[in-house]
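Input: a single structure, listed below in structure tokens.
Model, not experiment: these values are computed from the prediction. All ligand and atom numbering here is 1-based and tracks the order in the structure.
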Amino acid sequence: MPNKKLIAANWKMNKGLVQSQQFADELKKYFEKYKLTDTEVVLCPPFTSLDAVNKKIAGTPIKLGAQNMYFETIGAYTGEISAGMLKSCGCEYVILGHSERRQYFNETNAIINKKVLKALDEGLKPIVCVGENLQEHEDKLTESVIDEQITVCLSHVSEEGIANVTIAYEPVWAIGTGKNATPHQAESVHNFLRKKLKKMYNDDVSKNTKIIYGGSVTPENAKELFTPQTVNGGLIGGASLEAEKFIKIINASNSK
Ligand code: 13P
């Protein structure tokens, strides 16, 4: 299993500049007191706060990530943000293929694949989101949906590249609904993902790829959700908006 777990805060379209900075200050205080030995923490604020948060977290182990990016390098793409721009703001990570991007902005697996390849090319670490929606879940299509998502999203990603990819299993029915997957459900899908990685790559990739869970993770359920060995951390939405809650989730991961 990967040597470190990862807890990432996806703030989505929340927090302006001042709120983002306040949160970073609070989290910094925590890191002044505690040393995390086996968990990496990533903040993914909106684009408009990346630079400010980067300045706040300088000198701490907290890492910065973006919530999306475009796959072209430069040019006339009004409103888009490139990998290079993210790097210039201090990003190490980028979330790609979040279900909200798929649902509201028509991102397909093929588009996400282009983004993954570009991110890796530019030295960013993609957090690639996969997961089935409620209908697919009820129709027991989880594995076939995820199989297709992984096949296409990771197409042409080399063995060297995959070492920098984190996969986030986020069942769409669990996102923002308060209805989290059970640890057993998460474990079973994570194991399926590892089998898939073994087929696409090899045993080492299957064992060493970080696979995190997202969907209604809270301070109350985090410890249980992070218990299966195959769950290597979490992608946190709502509960990452308050520093106190987010810190409790970090603690739940670190003390597992
Ligand atoms: P919630 O934690 O609010 O369910 O959101 C999960 C998510 O979408 C993280 O990317």
Inset, instruction - Sort out the contact shell of ligand 1: every protein residue with a heavy-atom distance below 4.0 Å, listed by chain and number. - result: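 Ligand 1 pocket, heavy atoms under 4.0 Å: Asn10, Lys12, His98, Glu170, Ala174, Ile175, Gly176, Gly215, Ser216, Leu235, Gly237, Gly238.
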Inset, instruction - Anything under 30° is parallel, anything over 60° is perpendicular, the rest tilted; go ahead and classify Tyr213 against His190. - result: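 Judged by the thresholds at 30° and 60°, the geometry between Tyr213 and His190 is tilted.
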Inset, instruction - Say whether Asn133 and Gln103, considering side chains only, have a donor N or O and an acceptor N or O under 3.5 Å apart. - result: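 No, because no side-chain N or O of Asn133 sits under 3.5 Å from a partner of the opposite role on Gln103.
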Inset, instruction - Kindly write out the residues that satisfy salt bridge (charged side-chain N to carboxylate O under 4.0 Å, His left out) with Asp51, not counting sequence neighbours, or none if the list is empty. - result: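 For Asp51 the salt bridge (charged side-chain N to carboxylate O under 4.0 Å, His left out) partners, ignoring immediate neighbours, are Lys55.
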Legend entry - Any pair counted as salt bridge (Lys or Arg N to Asp or Glu O under 4.0 Å), so long as it reaches residues 7-24, sequence neighbours left out: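 Every salt bridge (Lys or Arg N to Asp or Glu O under 4.0 Å) pair that includes a residue of residues 7-24, provided the two are not neighbours, is Lys12-Glu100.
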Inset, instruction - Can you tell me which residue pairs pass the side-chain hydrogen bond (donor to acceptor under 3.5 Å, both in side chains) test with a partner in residues 86-98, sequence neighbours excluded? - result: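 Found Glu40-Tyr93, Glu92-Lys125, His98-Glu170.
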Inset, instruction - Decide whether a cation-pi geometry holds between Lys114 and Phe71; the criteria are a distance under 6.0 Å from NZ or CZ to the six-membered ring centre and an angle within 45° of the ring axis. - result: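 Verdict for Phe71: a cation-pi partner in Lys114.
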